[in-house]
Protein chains: 2
Amino acid sequence: MSEPTGLRARKKERTRDAIGDAAVSLFLERGFDGVSVNDIAAAAEISKPTLFRYFPTKEDLVLHRFADHQGEAARVVRDRRSGIKPVTALHRHFRAGLDGYDPVTGLNDHPEVVAFHRLVFTTPSLAARLTRYQLEDEEALADALGEGIQARLQAAQVLAVQRVLARTNWQKIADGRTARDVHPEAVTDADQAFNQLR
Amino acid sequence: MSEPTGLRARKKERTRDAIGDAAVSLFLERGFDGVSVNDIAAAAEISKPTLFRYFPTKEDLVLHRFADHQGEAARVVRDRRSGIKPVTALHRHFRAGLDGYDPVTGLNDHPEVVAFHRLVFTTPSLAARLTRYQLEDEEALADALGEGIQARLQAAQVLAVQRVLARTNWQKIADGRTARDVHPEAVTDADQAFNQLR
DNA sequence: GTTACTCGGTTAAAAAAGCAACCCGGTCAA
DNA sequence: TTGACCGGGTTGCTTTTTTAACCGAGTAAC
């Protein structure tokens, strides 16, 4: 099933994970600006140049978790079964994320996850960089949807919807509610939003 | 206190330990000839050339634990306090090893240690290589003792004594007795042997 | 009696990592 | 105002590791 991973690939992935995990846990502990890249490199037991070989900027040390979902929307559209409309496929995918309490839907009450979201949303440079990721995502989705202004508009709207839904869910959880408790209204919100898109 | 270990040195040491540990545990499990160097490299998650960069031959994967004590006798003689005769210093050092149940004295009943000794003593190529290590050790000790045939003879005798004592202890433990039980007679054996050397 | 393994060990080239030194913009103090 | 740090990144050079291919000896199959 899984590709025949050589030693090289396996170790690279491990190093990447080690850096990312060390970074996030330090950030959650002392805040984005309270941690230097030197600290992270030391914690991950790698050198500074190596760190920057894996992550181009300090921000990416946080956002790689979003970056890993990069292009997901476009993929969902491309891989949909024939006869299914793009928006429907995206709707179902989001719904599945909700049911699985996927962190990207905002519907996850693990303390670490909610702290992580707070970190991202309350650190300006991170929020800024995040929107850049979302723009790239939007372009990819637009390409998957077709050409012309119609596709671009729809892509923008879909991602805007997802963004709002995720933030809404996260906000409710940040206010102290549990994911299971919020789940029903998250579903109806999503149904309503996606239905309006059609 | 401890040397300023850079990343490089730290990782090298870890890699070496990983290889050595993987090798020994596989050998104990399936015997020296039941394990290929490829198996060991795979278990240690390194490539075959890397393995041979750390250990020149397959035998050394086992014997590095002895190699780590290489030159110890010579060092004991050189570092003895003034007024102490070499044989006395070596005697006291061996006695201290006995009291600390140092594996090199054979007086250690940890299952892993006794299995390890059996592995070494019952695998011809290992036993052969081990005597080569002991010869080097002997030369170093001879140099520490002085020059001429006198020093060489004494070095050979001291190491022969230690070898016999260690094997005797190990044999008793291999027969099922505990190290603590064997300890008193190990001490009297050592006292007798070293006294005869003077 | 080839052929085709396996196993210990080596080689050459290329990828990756380490190290030290550096650039640039900020900040704080003399 | 200068000068000395510290922060995020970068640059070159060296060391380490992976990879794939190979050698030479043994050995089992046909």
Side-chain angles (χ1 to χ4, degrees), chain A residues 3-24 26-27 29-64 67 119 123-130 132, chain B residues 3-20 22-24 26-27 29-64 119 123-130 132:
Chain A
E3 307 92 58
T5 58
L7 272 178
R8 202 116 84 186
R10 217 157 59 230
K11 289 187 176 178
K12 271 180 95 162
E13 209 175 315
R14 273 215 271 275
T15 303
R16 198 185 160 78
D17 287 350
I19 300 173
D21 290 352
V24 169
L26 282 178
F27 285 149
E29 201 179 312
R30 323 210 295 252
F32 187 69
D33 294 319
V35 182
S36 77
V37 293
N38 282 307
D39 296 337
I40 297 165
E45 303 208 272
I46 49 135
S47 68
K48 195 163 63 151
T50 299
L51 187 155
F52 282 108
R53 244 176 247 127
Y54 280 88
F55 297 93
T57 72
K58 189 185 181 186
E59 283 77 27
D60 291 288
L61 286 166
V62 179
L63 298 178
H64 72 278
L119 174 73
T123 308
S125 61
L126 287 178
R129 184 106 184 173
L130 182 54
R132 267 213 28 231
Chain B
E3 309 94 57
T5 55
L7 273 177
R8 212 117 81 179
R10 219 158 55 230
K11 290 187 177 178
K12 268 180 100 159
E13 209 175 315
R14 273 214 274 274
T15 301
R16 198 187 161 79
D17 288 350
I19 300 173
V24 169
L26 282 178
F27 285 148
E29 200 180 314
R30 323 210 296 253
F32 186 70
D33 294 320
V35 183
S36 78
V37 293
N38 281 307
D39 296 337
I40 297 165
E45 304 209 270
I46 48 130
S47 68
K48 195 163 61 152
T50 299
L51 187 154
F52 282 108
R53 259 171 41 75
Y54 280 87
F55 298 92
T57 72
K58 189 184 181 186
E59 282 79 25
D60 291 288
L61 287 166
V62 180
L63 298 178
H64 72 279
L119 174 72
T123 307
S125 61
L126 286 179
R129 183 107 185 170
L130 181 54
R132 266 213 31 231

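Because only heavy atoms are used, hydrogens play no part in the values below, and waters and symmetry mates are left out as well, while side chains stay in. A note on names: the letters A, B, ... follow the listed sequences, proteins ahead of strands, and every chain is numbered from 1. For clarity, every value in this text was computed on a predicted model and none was experimentally measured.
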Per atom distances to the B:Arg8 side chain, the nearest of D:dT16, D:dT17, C:dG9 is D:dT16
Here the distance between atom C1' of C:dC19 and atom CZ of B:Arg10, to the nearest Å, is 14 Å
A:Leu26 CG to D:dG8 P, in whole Å, measures 12 Å
Out of D:dT19, C:dA17, C:dG18, minimum distance to the side chain of B:Leu7 belongs to C:dG18
To the nearest angstrom, the CG-P distance between A:Leu61 and D:dG7 comes to 15 Å
Looking only at D:dG9, C:dA16, C:dT10, the nucleotide nearest the B:Pro49 side chain is C:dT10
Give a yes/no answer on whether the side chain of B:Ser47 brings an N or O atom under 4.0 Å of OP1 or OP2 in D:dT17.
no
Separation of D:dG7 atom P from A:Phe27 atom CZ, nearest Å, is 13 Å
#### Entry: Donor-acceptor pair present, A:Lys48 side chain and D:dG9 base, under 3.5 Å
yes
Are the side chains of A:Ile46 and B:Lys11 in touch, meaning some heavy atoms are under 4.5 Å apart? yes
From CG of A:Asp39 across to P of D:dG7 the rounded distance in Å is 7 Å
Compare all side-chain heavy atoms of B:Glu45 with those of A:Arg14 and state whether any distance is below 4.5 angstrom. yes
*Phosphate oxygens OP1/OP2 of C:dA17: is one of them under 4.0 Å from a side-chain N or O of B:Lys11?*
no
Review point. Mind checking whether A:Arg129 and A:Asp60 have side chains closer than 4.5 Å, heavy atoms only?
Key: yes
Atom CG of B:Asn38 and atom P of D:dA20 are separated, to the nearest Å, by 14 Å
Between CD1 of A:Ile46 and P of D:dT16 the distance, given in whole Å, is 19 Å
Exercise. With a 4.5 Å limit on heavy-atom distance, are the side chains of A:Thr123 and A:Phe27 in contact?
Worked result: no
Assert: residue with more 5' nearest nucleotide on DNA chain D, out of A:Phe52 and B:Tyr54, is A:Phe52
B:Asp33 CG to C:dT6 P, in whole Å, measures 17 Å
N/O donor-acceptor pair, side chain A:Arg53 with base C:dG18, under 3.5 angstrom = yes
Using a cut-off of 4.0 Å on non-hydrogen atoms, how would the nucleic acid contact of B:Thr50 be classed: base, sugar-phosphate, or nothing?
base
Out of C:dA17, D:dG9, C:dG8, minimum distance to the side chain of B:Lys58 belongs to C:dG8
| query | Would a distance-only check, ignoring hydrogens and angles, find a side-chain to backbone donor-acceptor pair under 3.5 Å from B:Asp39 to B:Ser36? | reply | yes
